[in-house]
Amino acid sequence: MEKLSNAFAVGLGKTTGTLSRMLRIGGGTTLPGRVARLVAPSVLRDLSATLPGGVILLSGTNGKTTTSRMLAEILCANGERVLHNRAGANLITGLTTTALAGTDWRGHPQATIGLFETDEAALPQALAETAPRLVLINNLFRDQLDRYGEVDTLAQAWKQALRTLSPETCIVLNADDPAVAYLGHDLGCHVLYYGLEDAQHAVGAGAHIADSQFCQQCGERYLYSLAFYAHIGHYQCPRCGYQRPTAQVQLARLDLSGIEASRLYLRYPGGGLELNLPLPGLYNATNALAAFAAALALGVPPAIARRALERFSAAFGRIERVTAGEGGAPMLIALIKNPVGATETVRMIVQTSAVPAHQPRGLHLLIAINDRFADGTDVSWLWDAEFEALAGQVASVVVSGTRAEDMAVRLKYAGVDPAMMRIVPEVHPALDTALALLPAGATLAILPTYTAMLALRQDLARRGWVKPFWEG
């Protein structure tokens with residue numbers, strides 16, 4: 001009876017996805033899973049169990065989409081057929097939809113391994129339903145407090161869920177994030193840590209938005225010997241002595257090259273290598289480090305991982321470069337959704353001037369802030385993000401979205417000249433306005449929240465400048 005139920009759920013889910021795309025009511029990235037689970041609540045558990053190479057779960061606040069795509073590219077280069085929720089639908093219904101897509105109509109797997117990017121709040125349920133062989137957690141920051149609550153509450157839920165896993169499971173954790181690193185303390189599974197060792201990037205930026213400042217064992221405030229941003233760095237408790245665990249996979253040196261690329265020098269047990277990553281910024285380098293560490297834990301040869309990372313292109317909206325039509329203006333799209341992510345994105349754009357030195361002076365921006373459920377309805381995070389770095393750097397800025405006025409006020413208090421601002425609440429005309437203000441040879445930097453990014457992406461697809469996100 002259970003097999004018949006699953007077979008019916010698979011067929012019904014696949015049909016739902018096909019109709020969803022045909023009728024243009026979405027990309028079919030979540031609805032099929034929702035329908036299938038109504039028929040067979042255990043369908044994700046059962047389909048996951050059929051994958052020969054098992055399941056990999058990846059979660060965290062910032063960078064999980066980029067990191068999961070990096071890891072998917074590495075696994076494909078190693079000869080795996082990867083089942084991956086590439087479109088970013090990372091709730092349980094999205095994971096279930098992905099599992100459905102990776103089977104034939106009889107429910108037989110067409111992939112060898114599953115890789116699921118997982119929403120922070122959905123991680124405990126995903127752990128229970130997929131019984132993963134490897135779990136990668138990259139960081140934990142404040143993100144949509146109206147949905148998730150404080151980071152300590154989320155970390156405790158993760159810890160309890162991780163304790164239920166088989167001892168054979170490998171847990172890959174960021175040593176530089178105290179809340180994430182402590183998940184591996186006294187855990188029965190095999191734990192692999194990765195971390196940044198290059199002191200030249202320890203600038204201490206964003207210290208006021210550090211979330212995990214206190215020792216998980218005794219409650220004392222951590223002391224930092226290196227602080228990269230927020231609470232990410234090298235730390236030790238002065239009371240009980242708990243400290244950052246030693247990273248087995250290390251980013252020993254990082255050389256940033258504007259908005260085009262970066263050069264990474266990696267060390268790992270038994271060797272080391274250099275790689276040229278075609279993405280900018282400190283956080284993208286740590287995303288690559290995380291993917292590389294997970295690949296090593298899965299037995300992928302380091303040379304294969306390097307080649308895959310050197311060919312990598314960003315996911316939509318994650319430091320994505322788009323041209324406004326044939327021969328049109330260049331645009332750089334970078335998702336922002338919480339204080340740390342926004343601060344680091346602004347930091348990267350300002351440090352690199354967002355455009356080459358020969359281009360017109362000053363930044364040209366489109367910032368689109370929505371407060372819908374998927375964005376988080378609480379936009380107070382705008383006041384914690386360090387937009388002050390934009391003061392004196394902006395030639396033009398268009399603010400858009402449902403909270404355009406809030407963003408304009410925030411920029412004014414950050415020191416951006418109001419004469420440089422235009423408020424255009426609707427994303428589509430806002431893009432036209434921003435492009436009209438853009439001088440020849442300049443790049444438009446677009447910083448949207450999640451649903452604003454989806455609206456922008458839909459508009460870009462309508463104009464023929466990009467593919468729909470479920471095809472990207």
Side-chain angles (χ1 to χ4, degrees), residues 21-22 24-27 29 65-66 69 86-88 257-261 278-281 284 311-337 345-346 348-350 352-370 390 393-402 404 407 420-472:
R21 288 184 288 272
M22 285 179 57
R24 298 184 180 275
I25 58 175
T29 57
T65 296
T66 298
R69 286 200 173 202
R86 185 176 174 85
S257 303
I259 65 168
E260 298 301 324
L279 292 178
N284 277 317
R311 297 193 303 263
F312 182 77
S313 58
F316 73 89
R318 276 77 171 183
I319 315 298
E320 181 186 22
R321 297 176 184 88
V322 174
T323 301
E326 186 174 353
M331 299 178 287
L332 181 73
I333 307 172
L335 173 72
I336 59 173
K337 62 191 184 81
T345 297
V346 168
M348 179 200 71
I349 289 175
V350 170
T352 61
S353 298
V355 293
H358 68 274
Q359 291 188 3
R361 181 174 176 80
L363 298 174
H364 297 270
L365 304 172
L366 167 58
I367 304 178
I369 306 297
N370 282 351
L390 295 173
Q393 304 292 321
V394 174
S396 71
V397 54
V398 177
V399 288
S400 184
T402 59
M407 189 68 242
M420 302 294 183
M421 297 184 211
R422 305 287 189 278
I423 299 176
V424 185
E426 293 296 324
V427 171
H428 314 311
L431 176 60
D432 289 329
T433 301
L435 290 172
L437 293 170
L438 194 67
T443 294
L444 176 63
I446 304 176
L447 311 183
T449 56
Y450 184 70
T451 65
M453 181 182 70
L454 293 182
L456 173 69
R457 184 77 185 196
Q458 186 178 39
D459 186 48
L460 294 177
R462 180 183 59 80
R463 298 175 192 232
W465 297 350
V466 299
K467 294 180 180 179
F469 73 86
W470 56 85
E471 298 177 11

N/O donor to acceptor pairs below 3.5 angstrom from side-chain atoms of residues 445-456, sequence neighbours left out:
from: T449; atom 1: OG1; to: N370; atom 2: N; distance (Å): 3.0
from: T449; atom 1: OG1; to: D375; atom 2: OD1; distance (Å): 3.3
from: T451; atom 1: OG1; to: N370; atom 2: ND2; distance (Å): 2.9
from: T451; atom 1: OG1; to: D375; atom 2: OD1; distance (Å): 3.2
from: T451; atom 1: OG1; to: D375; atom 2: OD2; distance (Å): 2.6

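- Considering only heavy atoms from C-beta on, Q393 stays 4.5 Å or farther from I349 through its side chain.
- Using a 4.5 Å cut-off on side-chain heavy atoms (C-beta onward), D459 and V427 make no contact.
- Going from atom CG of L460 over to atom CD of E320 covers 8.0 Å, rounded to the nearest 0.5 Å.
- Side-chain contact between L365 and L444: absent, with no pair of heavy atoms (C-beta onward) separated by less than 4.5 Å.
- Considering only heavy atoms from C-beta on, I319 comes within 4.5 Å of P280 through its side chain.
- Here salt bridge (Lys or Arg N to Asp or Glu O under 4.0 Å) pairs that include residues 434-448, with residues two or more places apart or in two chains, number zero.
- Looking only at side-chain heavy atoms (C-beta outward), R69 and T66 stay at 4.5 Å or farther from each other.
- In plain terms, the two heavy atoms of A404 and P425 that are nearest each other are CB-CA, 4.4 Å.
- The CG atom of L435 lies 4.5 Å from the CG atom of L431; values are rounded to the nearest 0.5 Å.
- Within the structure, every pair that satisfies the salt bridge (Lys or Arg N to Asp or Glu O under 4.0 Å) test and touches residues 426-455, not counting sequence neighbours, is listed here: D432-R463.
- Annotation: the span from R321 atom CZ to S313 atom OG amounts to 10.0 Å, rounded to 0.5 Å.
- Taking the side chain to side chain donor-acceptor pair (under 3.5 Å) definition, one finds that T65 meets it with E117, R318, sequence neighbours left out.
- The shortest side-chain heavy-atom distance between H364 and P439 falls under the 4.5 Å cut-off.
- The shortest side-chain heavy-atom distance between V397 and R422 does not fall under the 4.5 Å cut-off.
- The CD1 atom of I367 sits 4.5 Å away from the CE atom of M407 when rounded to the nearest 0.5 Å.
- You'll find the side chain of T323 stays beyond 4.5 Å of the side chain of W465, heavy atoms only.
- Note that CD of Q458 and NE2 of H428 are 6.0 Å apart. Values are rounded to the nearest 0.5 Å.
- Legend: residues meeting side chain to side chain contact (heavy atoms under 4.5 Å, CB included) with A430, ordered by chain and number and at least two apart, are L366, V398, S400, V424.
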